[in-house]
Amino acid sequence: MSDSKAVDGSGRNSLTGPSGRWVSRGLSWLRRRKIALKGPAHARPFVPEPQGGAGQTLSSSLLSRTAMISQFFILSSKGDPLIYKDFRGDSGGRDVAELFYRKLTGLPGDESPVVMYHGDRHFIHIRHSGLYLVATTSENVSPFSLLELLTRLATLLGDYCGSLSEGTISRNVALVYELLDEVLDYGYIQTTSMEMLRNFIQTEAVVSKPFSLFDLSSVGLFGAETQQSKVAPSSAASRPVLSSRSESQKNEVFLDVVERLSVLIASNGSQLKVDVQGEIRLKSFLPGGSEMRIGLTEEFCVGKSEFRGQENTGYGPGIRVDEVSFHSSVNLDEFESHRILRLQPPQGELIVMRYQLSDDLSSPLPFRLFPSVQWNRGSGRLQVYLKLRCDLPPKSQALNVRLHLPLPRGVVSLSQELSSPEQKAELREGALHWDLPRVQGGSQLSGLFQMDIPSLPGPPSHGPSTTAPPLGLGPASLSFELPRHTCSGLQVRFLRLSFKPCGNINPHKWVRHLSHSNAYVIRI
């Protein structure tokens with residue numbers, strides 16, 4: 001059979017015949033093998049040989065030679081295909097992407113399984129920034145290996161494109177296909193190391209429009225607040241790690257301490273559940289090999305036994321977390337004694353540390369809601385009075401506070417009395433939406449809402465007017481952001497670099513602390 005030429009998704013010419021496929025793989029392997037043998041052994045990527053020889057492996061990696069995929073595609077939140085790559089030609093073509101989305105949306109509930117099976121094909125996917133990253137395979141492959149691969153691909157795409165979103169993927173289609181050609185060869189993983197890939201990637205990223213400094217709705221953005229009360233450059237979050245050839249690389253480091261707060265409060269005000277999940281995220285634009293030291297709060301404790309020991313020392317209240325995990329590159333030699341993390345991060349974004357705390361916060365909850373309900377059965381008038389108290393310190397504030405209160409069916413009108421002109425309230429999708437752009441710590445805001453619900457039946461045990469909430473009212477949920485505040489109390493004391501700049505230009509360091517609501521639910 002004669003070899004034939006075809007054009008793949010990236011626009012490159014490739015040999016698709018039986019012998020041509022192996023020739024292409026052999027040339028690709030020789031090129032990577034030559035590069036891979038340079039440098040220390042622990043930094044060499046996995047480079048499989050076409051005839052089954054042993055390759056170099058990444059230390060502490062789940063990726064192995066058996067991790068082989070047939071297809072990779074990226075879908076938008078609405079199921080539109082943004083990227084499609086068929087590595088082996090053993091599938092049903094682009095119809096597989098539509099099949100996956102139809103099967104995904106047809107499942108009951110909000111949480112879909114990350115691994116699905118249909119026919120003779122396995123679908124493994126992750127959701128990142130509203131996008132679906134999907135890999136398919138017909139082989140018996142460990143799903144954890146493919147999940148690790150998809151996570152690394154998401155990180156690589158974010159580093160090269162500046163951020164991972166539908167817009168950046170659409171603007172950098174050629175760059176994404178070039179990355180896929182270098183990371184995967186005939187469905188086999190070659191490398192996910194940025195230090196290796198930068199030797200092959202030639203396409204420059206098309207940078208998206210910089211985000212507004214006043215729009216803090218996206219928690220993943222880096223550098224919006226600093227310890228010196230200065231503002232980071234507006235293009236920090238959307239700038240690719242690898243600079244354009246026409247621009248000089250800026251030596252900057254962005255460190256974010258981000259916490260997600262989940263709370264469930266009963267109707268009598270008691271706390272039923274409190275959970276804090278935190279991350280220390282790092283985005284580095286420094287050259288590789290620069291050592292970094294991150295100093296955390298000295299009273300930071302892991303576990304209740306260590307927390308009790310800290311309290312007995314008499315040095316003040318400790319900051320406790322239940323669980324903590326670190327990135328594999330973090331050196332913990334100084335953590336036990338001085339709470340210092342040492343690492344040599346590569347260029348790009350990584351999560352330095354994750355931690356979790358449940359049911360025991362050192363500080364009060366940021367918000368308390370005091371509802372009052374009056375329901376007149378005869379006229380069908382429902383009156384809801386809400387008082388929201390912010391228990392943050394007076395110098396702190398909450399941004400983008402939104403209250404969502406589900407209402408009974410049949411609401412036909414709404415009248416409102418708000419305590420400040422900046423507030424807004426409206427009926428939308430069967431619920432009351434109360435927006436407060438900014439709430440100062442120690443302040444109280446209130447709103448009186450009256451609604452007509454003529455079709456709402458009342459319980460026979462009550463008279464024409466009652467304070468019992470009708471069916472379908474509540475629970476209320478809050479969403480908010482707390483800049484320069486952590487619910488656990490964890491803070492970054494210092495960020496020190498051993499980087500030696502060229503000339504007199506020192507690297508810029510940006511540190512931000514931020515908490516936001518994950519599920520803040522209050523029963524009425």
Side-chain angles (χ1 to χ4, degrees), residues 39-40 42-43 45 58 151-164 168 179 191-199 201 204-205 207 210-211 218-228 230-244 247-258 278-296 325-332 334 340-354 492-503 505-514:
H42 65 84
L58 275 169
T151 303
R152 295 193 183 188
L153 281 175
T155 303
L156 281 175
L157 293 175
D159 289 341
Y160 272 91
C161 299
S163 61
L164 186 57
T168 54
L179 274 171
T191 180
T192 57
S193 170
M194 176 171 288
E195 297 299 324
M196 293 292 303
L197 291 171
R198 67 189 307 168
N199 297 317
I201 302 301
E204 295 185 3
V207 181
F211 71 97
S218 179
V219 180
L221 301 180
F222 284 83
E225 196 71 34
T226 68
Q227 290 178 326
Q228 295 81 14
K230 298 179 181 179
V231 179
S234 60
S235 61
S238 58
R239 192 171 80 242
V241 174
L242 298 181
S243 61
S244 173
E247 299 178 358
S248 59
Q249 178 71 37
K250 295 182 179 179
N251 296 319
E252 294 178 311
V253 175
F254 298 88
L255 188 68
D256 279 6
V257 182
V258 181
E279 294 177 345
I280 298 182
R281 303 178 183 175
L282 175 70
K283 189 168 187 178
S284 173
F285 292 87
L286 300 179
S290 303
E291 186 180 68
M292 180 181 305
R293 300 174 77 242
I294 303 173
L296 304 180
S325 62
F326 302 92
H327 191 269
S328 58
S329 62
V330 177
N331 189 327
L332 300 175
E334 299 182 71
I340 296 176
L341 306 178
R342 293 172 48 198
L343 69 157
Q344 293 183 356
Q347 285 187 329
E349 181 179 346
L350 60 88
I351 298 178
V352 178
M353 186 179 82
R354 286 190 174 99
V492 174
R493 290 185 291 128
F494 61 81
L495 175 59
R496 296 172 183 170
L497 306 174
S498 63
F499 171 69
K500 297 180 180 179
C502 299
I505 301 177
N506 293 320
H508 295 280
K509 299 174 291 184
W510 310 92
V511 180
R512 179 178 68 152
H513 300 84
L514 176 68

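For clarity, every value in this text was computed on a predicted model and none was experimentally measured.
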* Given the rule in the salt bridge (charged side-chain N to carboxylate O under 4.0 Å, His left out) test, do E349 and R281 qualify, once you have shown the distances and angles that lead to the verdict? -> CA-CA 7 Å; E349 181 179 346; R281 303 178 183 175; 5.3 Å; no
Any side-chain heavy-atom pair of [X] and [Y] under 4.5 Å:
| X | Y | value |
| --- | --- | --- |
| L296 | M353 | yes |
| K509 | L255 | no |
| V352 | L350 | yes |

So, for [X] and [Y], which heavy atoms are closest and what is the spacing to 0.1 Å?
| X | Y | result |
| --- | --- | --- |
| S290 | P345 | O-CD, 3.5 Å |
| S284 | P346 | CB-O, 3.9 Å |
| D159 | Q347 | OD2-O, 4.3 Å |
| E291 | Q344 | CA-CG, 3.9 Å |
| C161 | A205 | CA-CB, 4.2 Å |

Would you give the length of the straight line joining atom [atom1] of [X] to atom [atom2] of [Y], rounded to the nearest 0.5 angstrom?
| X | Y | atom1 | atom2 | value |
| --- | --- | --- | --- | --- |
| R342 | L332 | CZ | CG | 10.5 Å |
| E252 | L286 | CD | CG | 9.0 Å |
| N251 | F285 | CG | CZ | 10.5 Å |
| L179 | I201 | CG | CD1 | 4.5 Å |
| L197 | T192 | CG | OG1 | 7.5 Å |
| I340 | F494 | CD1 | CZ | 4.0 Å |

* side chain to side chain donor-acceptor pair (under 3.5 Å) partners of R354, counting only residues at least two apart ->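 E279.
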* Not counting sequence neighbours, which residues clear side chain to side chain donor-acceptor pair (under 3.5 Å) with E334? List them please. =>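 Here the qualifying residues are R293.
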* Excluding sequence neighbours, so at least two apart, what forms side chain to side chain contact (heavy atoms under 4.5 Å, CB included) with S329? ->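 Per chain and number, S329 pairs via side chain to side chain contact (heavy atoms under 4.5 Å, CB included) with H327, L343.
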* Residues M194, Y160; criterion side chain to side chain contact (heavy atoms under 4.5 Å, CB included); working and verdict -> CA-CA 9 Å; M194 176 171 288; Y160 272 91; 3.8 Å; yes
